[in-house]
Amino acid sequence: MNLDQSILTLITFLPLVGAVVLALLPDRGRIMQWAALAITLVTFLLTLHLPAHFDYAATAGSFQFVADHAWIPIPPIRYHVGIDGLAMWLIVLTGLLAPLGVLMSWNAIGERKKLFYILLLLQQVAMYGIFISLDLFLYYAFWELSLVPMTILIATFGRTKDRRRAAIKYFLYAFIPSALLLVAMIWVYFHTGTFDLPRITEIVATRGISPNSAAVWLASLAFLAAFAVKIPIFPLHGWLSDAIFEAPTAAVMVLAGKTGLYSILRFSFSLFPAESHRIAPLMIALGAIGIVYGALIALVQNDLKRLAAYATLGHLGFIVLGIFTFTISGMDGGIYQILNESLGGAALFMLMGLLYERYQTYDMRQYGGLAAQLPWVVTMYVITTLSVIGLPMLNSFVGEFLILTGSMQSTVNNHVLWTVLATTGVIFSAAYMLVLIQRVFYGELGRAPRSVQGWDLDLREHLALWPMVILFLVMGVASPFWMRAIDTAGPGIVSRITQSAPNVTQNNGYGAGAQANHNMQPNVPTWLRNGTSR
Amino acid sequence: MVPISYYLILAAVLFSVGVASFLIKRNIITIFMSIELMLNAVNLTFVAFAHMWHQVQGQIFVFFVMVVAAAEAAVGLAIIIAIFRTRQTLNVDQINLMKL
Amino acid sequence: MNSMSPNLYALLPEYILTLTGVLVMLLEPVLPASSSRKSLGWLAIVGTLLSAGASLFQLGLGSIVAFSGNILVDRFSIFFHLLIAAVVLVTLLGSLDYFHGHASHAGEYFALALFGAVGMMLMTCSVELLMVFVGLEISSISTYIMAGFRKGQATGSEASIKYFLLGSFATAFFLYGIALAFGATGSTSIASIAAGLATTTTPTLAITALALMIIGLGFKVSAAPFHVWTPDVYQGAPAPIVGLMSTAPKAAAFAVLLRITFSGFPGMQSRWNVLLWGLAALSMCIGNIGALLQRDVKRMLAYSSIAHAGYLLAAFTAVPGDGIATACFYTATYAAMNVGAFAIITQIAGYSENVRTIDDYTGLAQRRPVLSALLAFFLLSLIGIPFTGGFFGKFLVFSAALHAGNVWLAVIGLLNSGVACFYYLRLLAALYTRTAPDEVPETPATVSAPAGLGLAIAALATLLLGILPGPVLNLVHGAAFDSLVTARRVPVAPAARPVPLSDSAIR
Amino acid sequence: MPETCLWLIPILPFTGFLLNGTLGRRLPRAAVTGIAWLFTLLPALLVAYLWTVMTGAGAPEVIRAVGGPWIAVTGFAVNFAFTVDHLTLIMLSVVTGVGFLIHIYSAGYMAHEEGYWRFFAYLNLFMFFMLVLVLAESFLLLFVGWEGVGLASYLLIGFYFKKDSAANAGKKAFIVNRIGDFGFLLAMFLTVAHFGTLNFTEVFASISQHPEWQGGFLTAIALLLVLGATGKSAQIPLYVWLPDAMEGPTPVSALIHAATMVTAGIYMVARCHTLFDRSPEALGVVAIIGAATAIFAACIGMVQQDIKRVLAYSTVSQLGYMFLACGVGAYTAGIFHLMTHAFFKALLFLSAGSVIHALSGEQDMRKMGGLRKRIPVTFWTMTMGVIAIAGIPPWAGFFSKDEILYRTFTSDNPIGKLLWLVGLVTAGMTSFYMFRLWFKTFFGQERFEEHADAHGHDAHHDSHAHGVHESPVIMTLPLAVLALLSIGGGWLPVERFLEPVFATAGHAAEAGNSGMEITLAVVSVVVALIGLLTAYVLYVKNPGSSTALAEKFKPVHRLLENKFYIDELYHTVIVLPLVVLTRIFLQGLVDFGLVDGSGKLAGATARGLSTLTRRIQSGNIRSYAGWLALGAAAVLIVMIFGH
Amino acid sequence: MDLALFLIFGGLAVAAALNLLLQRHPINSALSLVVVMMSLAVLYWSLGAEFLAAAQVIVYSGAIMVLFVFTIMLLNAGEEERTHGSRAAYIVGFPGAAAIFCLLSFVFLTEGKALGTVSLGGYLDNAANNIAEISHVLFTSLLLPFEVTSVLILVAILGAVVLARKEQ
């Protein structure tokens, strides 16, 4: 069988096989760690097959590495998987984060290792599944499945007594809206006769799902709500801080963001283009508010993980803002930023995990003056901070810049206001991250390092962190390498949505050329228009 | 020249009295008797309809109900004896270990 | 085939079970009083397996009408036969060692399980309400008895008496319903009732009849507001028996309900749809909300079973073909996961049931990783996590409801399944919580091979129903087809209403 | 070849950064120094080469080097592209030249510091970003440099990270700069929205093609850029970070916070003159900000006691001049002053560093005095710097400052005369506080302690705190070079050289009213001398009189001493409310109350309902039967009456 | 005549049922139930179900009720105390029971016309024997239920043995 057809299946289910293997191996010494590392590494290598064989010239909306088999006869559910430029790098990213997560858990997880790594691998399966599924049912199955390992991870390996509560909170927050998502999905099925995403997309483009526009609207909201909670978008982030607070490093690294955002891009935008367009002003507003809100609250936290949680909320706001501008820059930038956010967030959590491993606390008040003792750690922290706050030449800047550019170009009401608000995020994010650096690393030696002797990065930690740092730089400098694939998907989504929106003049962002195009003017509020007087 | 509905209403009365009796009585045995009363009401309904439809099937049904009632009585009274052994009471109000 | 053969083939599984039951009863006194009754259990297991085999054999025979139209063996009834046989099998496997060290009529227990199964099977293949009634009574009485099997414990006999009294109370309603149906149509055969309804002069009576029958069956399936007995009885009864009686008799009762509603009163679907809509919604809500604060695991699962009855009832509001098929499927998934969950509780809690509350389960995963993982799996299936039968069942049921336009029922149902997560997760989280309290009740050290086999069957079934539901889906769709189409082949007794007797009678 | 130069110029320092940054810790100091020097010297030589290429007859006015794409999505792309024109060339020269001198100086100054390698790595990093900034062909690439120098500045200010004040200052610098960047970013977004590109050439070409565009969105873009510039160039309202930045090592103050980085804002405005020329409103704002900052900072500078802080406020003030120049359209003058300022302010800082070095870290002028004998080389070089900044001919500062004042006076700005007056007064004040510094440091009584303990922030000299001594040659040599430049820099024909760049700009005043120019020059020299005299009277002739004067105008003095309480104002008006509101309103009310509370409310509701449901479950059979009966009745009602 | 019969024995049945409800001693209740059954037997007879009338007397009031009385005696059940264990029984139960009665009566009365009336005596015009008719149906078309009843009784016996036997 051709590898291109089976590669996605292989990637997805290899960790499952791995989990079974782990279950059978004895939990002695470091067997679990090595086995998990081997499995995740092999999976990661497999994911690299995708960019190597991706057809960058493919037309927008087409899928690659497709496998399509009948699965359940009634209702007609197929095992239909495939990826496009949108999903490809997300899969590779997921593959990359897994071995790093294993490395970070190497010593941090001391007991019940078997359970931990099995759950970690199952989480991998679910995430790959989400990214590859082209059948609504199959997708939903993976979507729901992704909750389970995470919940158990939090409940079992959480830090404090409140872990059970946090786990249940996480699950309920994610599950209840997903129930509505299922209703909406079934509803879509009954109006289109299929669960197959490409076919539904076709139907949407030709005749629409249903003439009942109110029902379509509600269905689109059900989709969006489920995804928005999982991302999470302000103000649906009630679970985030507690879950991050409790969860072990490897779990936090993959907790928020990418699956929900991907789902919006893949499903909400494909199934409900007109409705997505309709809700865009709200989502843009929530995204922008979320950026500032997250950053401000992060500013006043004393706990590293809570700080990171709210920082995450803010950064996710950027992505939401970007993808809902329905401009090519915003869309591509948003998709790119998913990768950056995942990497940056993961690195940040890894670094916090490092400190926790050494000093057993996440309380910033206990820290201080570590820079002299742990030069490598502080270097990594600073680089990650710079990436997170969007320093040019590092990865996040590219994404954020494109997002905000797109936001400024969008046709949504008050977009200038939201862009301005979102841009203030760069100030606040710098503020809280620098405060973090200062409180942890500068000044007098804190209470925790005085009582416990820390140690600088060891080989394992170097191995886990350098890929991140290198990626920050490379993705910041050579973004077209990634953007090439993303740009095969982003413009397609934008044009689909802008075409579906009835009363809006189409604006894909840029005119034909890079030359100044005065036709852009209608997108700009009157007060900004070309004045005639002096 | 009695309308069928009279019989039916009589059955309904007996049935409801059975229900009420189930609600009021505290002695398990009496409660069990109320159930028998309800069954009897149903039997009357069967017989009345059998008459109306000229169908013997209704009467046979009553016959089966009697058999079942007998079987239930055997088992039910055995259960009552068993519970009396563990709790030394036949008052239902005191048989509420499991609640909420 | 000679003329006797339909009657022979039609009830082959029942014959086998009855004979095995009688054999068990006969052998029981022969065995020395002190010796283990395990061999009787194995005998019962073999009988169950044979009966399941017989059902599979029937699958190849097509629809059989036997015993003057009292019995209809079609794919619908065969499906439920297989289901009941499977549940009984798992229960028997799980309880082989249950009585170890407690001389509590183990032989009778196996016989009762078999006879109960006969009753349930008869319920599902009968199209004559009298037959249904007798079958119902057989299954009910045997479960009443089994519920009180741990006589030494006060809760056991209390569960038994509660179940018995309220069960008889509800039976009276069911019987009343049959009586009124007979009054409205002149017959107690489901097919004849359906035919008679077309010409009945007393439609309100017919509706009332249906209402009363639904009340009676609603009690059996523990649908709200007839659920009140469930938590108490499940809490008090022995775990393996709860596993049995929360699944098999329920399945049988649902089968009867399906027959009565879809085959008996198809013309009135618009009327009973409303009712079942309400019962479904109410059951889901009460079941889930009631379970939220429960600390006793069995009691919590009792509420959960109320909720699941609600999900299942949602299937009744669908268009007939969908409704029956999905209801059948859901019954199967529910049976698989619930019987599995209770089998695990049996293993964990043992005969004395010292491990009862959620707190007792805290940290169990450390000591019993495999059992905990299985319990977690069943719980996840009960929640409705994908790749488990529970999810696919729910998916089908709510698809069916949506298909019929009952969007709100689907929304209520799925939101309820969200609420339900809370209490399942509480148990799940407790299982996997890191540190256990210092004093932990002792649990049986090992799981015996047969119990493990039973668990494996339940787990495998739950899993397969979730990932490869194809064969079962085919079967349930066949069942739906049979129960809707071939049921018409049952001879309809002409229920000719005699000339009003008003004048001519008195002569 | 010249194109390759363009790539090499920034990449070389970056290589130095990588080498020192990764290996430096293990290398001997000499190697670290060698690397740092080499990778700064080479760009300087390359710049010299570029001079040869770009001057002379028929030389290209612009050299471009376009590389691969950096950001590319459908319809929008930014390439790695560098360009050199005459403006860039001047900036390059200043950066690499002054930069190299300071590298040399630093080797002496920092010789005994911990983290020596780190210092030079950061310094090279700074060079890299600064060179990117001036070479950039697009707004975005300029922004890379813009942010990068901010980063380097942050790292270097916080070099003594163990001191809270240093860490705070670094943080403050970065965050305040970020506020400016916020404006810069928005300007870029608007630019993309309107022009579809960020390329300087394309944007300016498109503005040139549309003479009808005046004000409007161009003003918006320009003003946002100005916000960016005020951050980087320490203008009102964002100047507050620069004085604090003096927490960094003195060479850093000289290089980054005097000579190069802080001039980036002026460079940027000059670079975008095409845009600003279309927006008189924006230019007016620039001019007013410049003038206001100039006098405001000078006021504060008059009463500061910390030698570096005086210089810092002086820098802010001088940057104000440059802003003023740009604001009145005299970009050439602005750049000219930028250049001369780079020379003399670097000189002043380095000299001050030498003084501090001599005093083992003492920065307070009240503890200096009479040093001219003890450290003669430093004294003489510093004297050159002081005269230059005071604006006394023929030192460099006179020419550039005079040019600015003249251009302001003759500009068509409606309040041009007022601005000129402000500038003039500032010139006098500049002269005053610089000579004050000069007198207090080098004349009068020796107020320092011979064996001063290590204190103050450049305080890691304890190993050689053996009395007051002249700095080594490695430090005095750069001082000498810079002194020469401060003397002769004013004679360079910068104006003519920049003509191709600002061809469109320098229009009106060409006619040249040389008579008026001379008059104004004389006035400004007189004012400078008045400043000198005042300082002499107050600090040499009657050493006590300054204190008396301060006593007399106590409120004013205190206001000035406390820098107009601007830091406190910002803290109470912006920072504190933000934090308090965030804590109370956002975290308390919204996050805990609404976001978390809604979940809790749902939980409580469910719990309440659950309790209610459980109450049905009383355990009593009769109750159960009651419920069954009621349920049955309800079912009957639904069925019988429910149509 | 038949109306009188209905009124007398119907009334007696209702009265006895109420007596069952009101009596405190289980024995009295049991005896009241016997009266109800007897009265119903008469009504069965009046509806033409002679066999059932006999069976009612023999099986129900004879066998089953004796079992009850026997148990009462065995357990030495005394007068029941009026404990107050259940408010729900009164608050929701009685309205429920009353509603059931009203609803059923409502249905019977609305359908009363269509249901027709009763004529005294057998309804089988061909004068066939009631018992013969029953036995014919019982052993042909309803043979299976009849046979299956044996299983039911087997279960009941089994249950009675299991439950009532004392644990060793």
Side-chain angles (χ1 to χ4, degrees), chain B residues 1-10 12-21 23-27 29-30 32-34 36-37 40 43-44 47-48 50-52 54 56-57 59-60 62-64 66-71 73-75 77-82 84 90-94 96, chain E residues 2-3 6 10 13-14 17-18 20-21 26 29-30 33 36-37 40 43-44 47-49 52 55 59-60 63-64 67-68 71-72 75 77 80-81 83 85-86 89 93-94 97 100-101 104-105 108-109 112 115-118 123-124 133-134 137-138 142 145 149 152-153 156 159-160 163-164:
Chain B
M1 292 299 284
V2 187
I4 293 277
S5 49
Y6 284 21
Y7 284 93
L8 298 179
I9 289 169
L10 173 62
V13 171
L14 291 176
F15 191 86
S16 305
V17 171
V19 172
S21 172
L23 295 172
I24 282 182
K25 305 308 277 186
R26 270 75 162 179
N27 190 309
I29 301 178
T30 333
F32 193 14
M33 282 190 239
S34 341
E36 296 297 337
L37 181 59
N40 270 290
N43 284 353
L44 178 60
V47 176
H51 179 89
M52 176 181 117
H54 290 197
V56 80
Q57 208 161 351
Q59 295 187 13
I60 294 175
V62 174
F63 177 65
F64 274 93
M66 286 181 189
V67 174
V68 167
V75 173
L77 292 170
I79 294 174
I80 290 171
I81 290 169
F84 186 78
L90 288 175
N91 188 328
V92 278
D93 283 352
Q94 285 161 20
N96 55 356
Chain E
D2 44 357
L3 184 61
F6 173 80
V14 173
L18 286 173
L20 180 155
L21 190 150
S29 297
L33 189 56
V36 176
M37 287 166 177
L40 287 183
L43 291 179
Y44 290 173
L47 287 166
L52 277 185
V59 177
Y60 240 130
I64 299 178
L67 202 56
F68 273 93
T71 315
I72 295 168
L75 299 182
E80 63 184 7
E81 323 117 75
T83 48
S86 166
F94 279 143
I100 291 170
F101 169 68
L104 290 175
S105 307
F108 297 147
L109 288 175
L115 292 171
T117 53
V118 166
Y123 56 79
L124 302 167
E133 179 78 5
I134 286 178
V137 175
L138 197 57
L142 292 180
T149 315
L152 177 67
I153 291 168
L163 290 170

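Per chain, numbering begins at 1; letters A, B, ... match sequence-line order.
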| field | Verdict with reasoning, E:Leu115 to B:Tyr6, per side-chain contact (heavy atoms from CB on, under 4.5 Å) | value | CA-CA 10 Å; E:Leu115 292 171; B:Tyr6 284 21; over 6 Å; no
| task | Give the C-alpha distance, both sets of side-chain angles, the deciding distance and a yes or no for side-chain contact (heavy atoms from CB on, under 4.5 Å) between E:Leu163 and B:Ile81. | result | CA-CA 8 Å; E:Leu163 290 170; B:Ile81 290 169; over 6 Å; no
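Residues B:Lys25 and E:Leu21 come closest through the heavy atom pair NZ-O, 3.0 Å. Nearest heavy-atom pair across E:Ala49 and B:Val47 is CB-CG1, 4.0 Å. The two atoms that bring E:Ala97 and B:Ser16 nearest to each other are O-OG, 4.0 Å, heavy atoms only. Smallest separation of non-hydrogen atoms from E:Ala160 and B:Ala74: CB-O, 4.2 Å. Heavy atoms only, all atoms of each residue included: E:Glu81 and B:Arg26 are closest at O-CG, 3.7 Å. The nearest pair of heavy atoms linking E:Phe68 to B:Ile29 is CD2-CG2, 3.8 Å.
Chain E forms the most heavy-atom pairs under 4.5 Å with one residue out of B:Leu14, B:Val19, B:Thr30, B:Leu90, and that residue is B:Leu14. The most heavy-atom pairs under 4.5 Å with chain E, out of B:Asn40, B:Val17, B:Val75, come from B:Asn40. Ranking E:Pro145, E:Ser105, E:Ala13, E:Gly10 against chain B, the residue ahead of the rest is E:Pro145, based on heavy-atom pairs under 4.5 Å. For the options E:Leu18, E:Ile100, E:Ile153, E:Leu67, heavy-atom pairs under 4.5 Å to chain B are most numerous at E:Leu67. Per-residue heavy-atom pair counts under 4.5 Å with chain E were compared for B:Ile79, B:Val67, B:Ile60, B:Ile80, and the maximum is reached by B:Ile60. For the options B:Ala20, B:Gly18, B:Ser34, heavy-atom pairs under 4.5 Å to chain E are most numerous at B:Ala20. Interface summary for chain E: among B:Val92, B:Val68, B:Leu77, B:Leu37, the most heavy-atom pairs under 4.5 angstrom belong to B:Leu77. Each of E:Leu104, E:Val36, E:Val137, E:Val59 has some count of heavy-atom pairs under 4.5 Å with chain B, and the biggest count is that of E:Val137.
Using a 4.5 Å heavy-atom threshold, the side chains of B:Tyr7 and E:Leu47 count as touching. Between B:Asn43 and E:Leu52 there is no side-chain heavy-atom pair separated by less than 4.5 Å. Side-chain contact check for B:Asn27 versus E:Ile72: every heavy-atom pair is 4.5 Å or farther apart. Contact check for B:Ile24 versus E:Phe94: side-chain heavy atoms found under the 4.5 Å cut-off. Two residues are said to be in side-chain contact when any heavy atoms from C-beta on lie closer than 4.5 Å; B:Gln57 and E:Leu142 meet this criterion. Considering only heavy atoms from C-beta on, E:Tyr60 comes within 4.5 Å of B:Glu36 through its side chain. Inter-residue side-chain proximity for E:Val14 and B:Leu10 is flagged as met; some heavy-atom pair is nearer than 4.5 Å.
The contact between E:Leu3 and chain B is made by backbone and side chain atoms together, counting heavy-atom distances below 4.5 Å. For E:Ile134, the parts sitting under 4.5 Å from any heavy atom of chain B are the backbone and the side chain alike. Interface remark: E:Leu75 contributes backbone and side-chain atoms alike to the contact with chain B (heavy atom separation under 4.5 Å). Neither the backbone nor the side chain of E:Ala63 comes within less than 4.5 Å of any heavy atom in chain B. Both the backbone and the side chain of E:Thr83 come within less than 4.5 Å of a heavy atom in chain B. Both the backbone and the side chain of B:Phe63 have a heavy atom closer than 4.5 Å to some heavy atom of chain E.
Interatomic distance, E:Thr117 OG1 to B:His51 NE2, rounded to the nearest 0.5 Å: 7.5 Å. A distance of 12.0 Å separates CZ in B:Phe84 from OG1 in E:Thr71, rounded to the nearest 0.5 Å. To the nearest 0.5 Å, atom CE of residue B:Met66 and atom CE of residue E:Met37 are 8.5 Å apart.
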